[in-house]
Amino acid sequence: MKRRNVIFNGVVALTALWIVPPAMAQPLKAALTTPPLICAHRGWTDPSETENSLSQMRRTHQVGPFMMEIDLAKDASGRIVLLHDQNVDRTTTGHGPLAALNLADVHKLLLKNASGPTQEHIPAYDTVLDWAARTPDVLLMLDIKDVPPADALKPVRRQHLSDRVVVLTFQEKQAREAFKADPDALISVLATTPDDLATYRQIAGHRRFAAYIPKTSKPSLFRIAHQAGAIIITDLLGPTAVTDIMSPEEGAHHARSLPIDILVTNTPLQLQAALRKHP
């Protein structure tokens, strides 16, 4: 009974707070016409490729196009680059924490993939945004990690890309800062309960927001978020996030059985094929 009351109270709170949001920015609106929009985790087509790589992102975009999730981090100079880990060891030819490396140190490093070192350097965030600005249908999911939202979103606004990004936040403080930093970007919040949805609905005010709902959540949470008008994001990722825990076929079934708008995967081509096979 207590669990039922929590869900009921969450629904009531959402109903009381919900106001029909303004129209979503056109590029994202168009991409979400026939959900789910497939998002390529770390910008790659497959975990054997190079993660957070501009050349891989170009290829992923050409064969999709897919939304692309990228990870932001800062080097010792405060410059934002694409890197998932705090250390450079796993994905580059270097060693140690990125935060201890200056611009010259970072430029010496080469990215690695499953086959070994490549000839590509860690890309600067500004360089990726320059490419996105020149390529009108590129959509980016920004995992800003420890980068302050204002720092991540200032260059987005400068490049007029607010209507083509989703910003991932996972704590309330970070979400509040992201909403404040860009009034036009779609901000994603972690929602594990109806109360989370009610809290973020209040924080977002009249704005539309995205709810990142863990894939193991009860179907009722997906439906409550959908009824509240949130853009629903979930993923197929496994414990290490480098591989999927669900097969493309399972992912396609997941997408057909629940209201999912954006689905993050490490194997976007296979998921795309599975969705087309069983629409």
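Everything numeric in this text was worked out from a predicted model, so none of it was measured. We use all heavy atoms of the structure for the numbers below, so side chains are in, but hydrogens, waters and symmetry mates are not.
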Peer 1: So which atom in Leu153 and which in Ala178 form the shortest heavy-atom distance, rounded to 0.1 Å?
Peer 2: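 For Leu153 and Ala178, the tightest heavy-atom pair comes out as CD1-O, 3.9 Å.
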Peer 1: Against Trp44, only a single residue in Glu69, Glu49, Met68 fulfils side-chain contact (heavy atoms from CB on, under 4.5 Å); can you say which?
Peer 2: Glu49
Peer 1: Could you tell me whether Arg90 and Glu51 make a salt bridge, using a distance below 4.0 angstrom between a side-chain N and a carboxylate O?
Peer 2: yes
Peer 1: Are any non-hydrogen side-chain atoms of Val167 and Leu186 less than 4.5 angstrom apart?
Peer 2: no
Peer 1: Write down the atom of Asn87, the atom of Pro97, and the distance for their closest heavy-atom approach.
Peer 2: OD1-CA, 3.1 Å
Peer 1: Given side chains that start at C-beta, do those of Asn113 and Thr118 come closer than 4.5 Å, heavy atoms only?
Peer 2: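 Answer yes - side chains close enough.
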Peer 1: Does the side chain to side chain contact (heavy atoms under 4.5 Å, CB included) test come out yes or no for Gln174 and Gln171, once each step is laid out?
Peer 2: CA-CA 5 Å; Gln174 187 184 42; Gln171 300 88 30; 3.4 Å; yes
Peer 1: Without hydrogens or angle criteria, can the side chains of Thr243 and Asn266 be said to hold a donor-acceptor pair below 3.5 Å?
Peer 2: no
Peer 1: Between Arg79 and Leu103, is a side chain to side chain contact (heavy atoms under 4.5 Å, CB included) present by the stated rule, with each step listed?
Peer 2: CA-CA 8 Å; Arg79 186 181 65 139; Leu103 177 61; 3.1 Å; yes
Peer 1: To check you understand the geometry: which heavy-atom pair defines the closest contact between Leu111 and Thr92, and what is its length?
Peer 2: CD2-CG2, 4.1 Å
Peer 1: Let me confirm one number: the CZ-CD1 distance from Arg223 to Ile232, rounded to the nearest 0.5 Å.
Peer 2: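 Answer for the CZ-CD1 pair, Arg223 versus Ile232, is 10.0 Å.
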Peer 1: Would you check if there is a donor-acceptor pair between the side chains of Asp143 and His84 at a distance under 3.5 Å?
Peer 2: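 No donor-acceptor contact under 3.5 Å links the two side chains.
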Peer 1: How close do Pro214 and Phe222 get, heavy atom to heavy atom, and via which atoms?
Peer 2: O-CZ, 3.7 Å
Peer 1: Is there a side-chain contact between Ile203 and Arg176 (heavy atoms, below 4.5 Å)?
Peer 2: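 Side chain of Ile203 against side chain of Arg176, heavy atoms only: contact under 4.5 Å found.
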Peer 1: What's the shortest heavy-atom distance between Asp105 and Ala100, and which atoms?
Peer 2: OD2-O, 4.5 Å
Peer 1: Can you check whether Val166 reaches Leu142 side chain to side chain, under 4.5 Å on heavy atoms?
Peer 2: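 Sidechains of Leu142 and Val166: no contact.
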Peer 1: Dump the intermediate steps for salt bridge (Lys or Arg N to Asp or Glu O under 4.0 Å) on Lys74 and Asp151, then the final yes or no.
Peer 2: CA-CA 10 Å; Lys74 283 189 176 184; Asp151 293 352; 2.6 Å; yes
Peer 1: Is any side-chain heavy atom of Met57 closer than 4.5 Å to one of Leu82?
Peer 2: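 They are in contact (side-chain heavy atoms under 4.5 Å apart), so the answer is yes.
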Peer 1: Check the pair Met141 / Ile70 against side chain to side chain contact (heavy atoms under 4.5 Å, CB included), numbers first and verdict last.
Peer 2: CA-CA 6 Å; Met141 179 179 286; Ile70 57 177; over 6 Å; no
Peer 1: Within the 4.5 Å heavy-atom criterion, are Ile233 and Ile213 side-chain neighbours or not?
Peer 2: no
Peer 1: With a 6.0 Å cut-off (strictly less than), is the heavy-atom count around NE2 of His226, excluding the residue itself, greater than 12?
Peer 2: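 Not more than 12 within 6.0 Å, no.
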Peer 1: So among Val242, Thr91, Thr60, which one has a side-chain contact (heavy atoms from CB on, under 4.5 Å) with Arg42?
Peer 2: Val242
Peer 1: Assess, by modelled atom type and distance only, whether the side chains of Thr193 and Asp195 contain a donor and an acceptor separated by less than 3.5 Å.
Peer 2: no
Peer 1: How are the rings of His121 and His107 set relative to one another: parallel (under 30°), tilted (30 to 60°) or perpendicular (over 60°)?
Peer 2: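 Aromatic pair His121/His107 classed parallel.
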Peer 1: Is there a donor in the side chain of Asn102 and an acceptor in the side chain of Ser77, or the other way round, less than 3.5 Å apart?
Peer 2: no
Peer 1: Please report the closest heavy-atom contact between Ile245 and Glu250, naming both atoms and the distance.
Peer 2: O-OE1, 4.2 Å
Peer 1: Are His253 and Ser247 packed together at the side-chain level, in the sense that at least one heavy-atom pair is separated by less than 4.5 angstrom?
Peer 2: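 No, every pair of side-chain atoms sits at 4.5 Å or beyond.
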Peer 1: When you check the side-chain N and O atoms of Asp184 and Ser162, is any donor under 3.5 Å from an acceptor?
Peer 2: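 Short answer, no.
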Peer 1: Between the side chains of Gln56 and Thr50, is a donor N or O closer than 3.5 angstrom to an acceptor N or O?
Peer 2: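 Looking only at side-chain atoms, Thr50 and Gln56 do not form any donor-acceptor pair under 3.5 Å.
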Peer 1: I would like to know whether Arg207 and Asp182 meet salt bridge (Lys or Arg N to Asp or Glu O under 4.0 Å); could you show each step before the answer?
Peer 2: CA-CA 11 Å; Arg207 291 177 59 173; Asp182 192 332; 5.7 Å; no
Peer 1: Flag the pair Tyr125 / Val81 as yes when at least one side-chain heavy-atom distance between them is below 4.5 Å, and no otherwise.
Peer 2: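 The answer is no; the side chains never approach within 4.5 Å.
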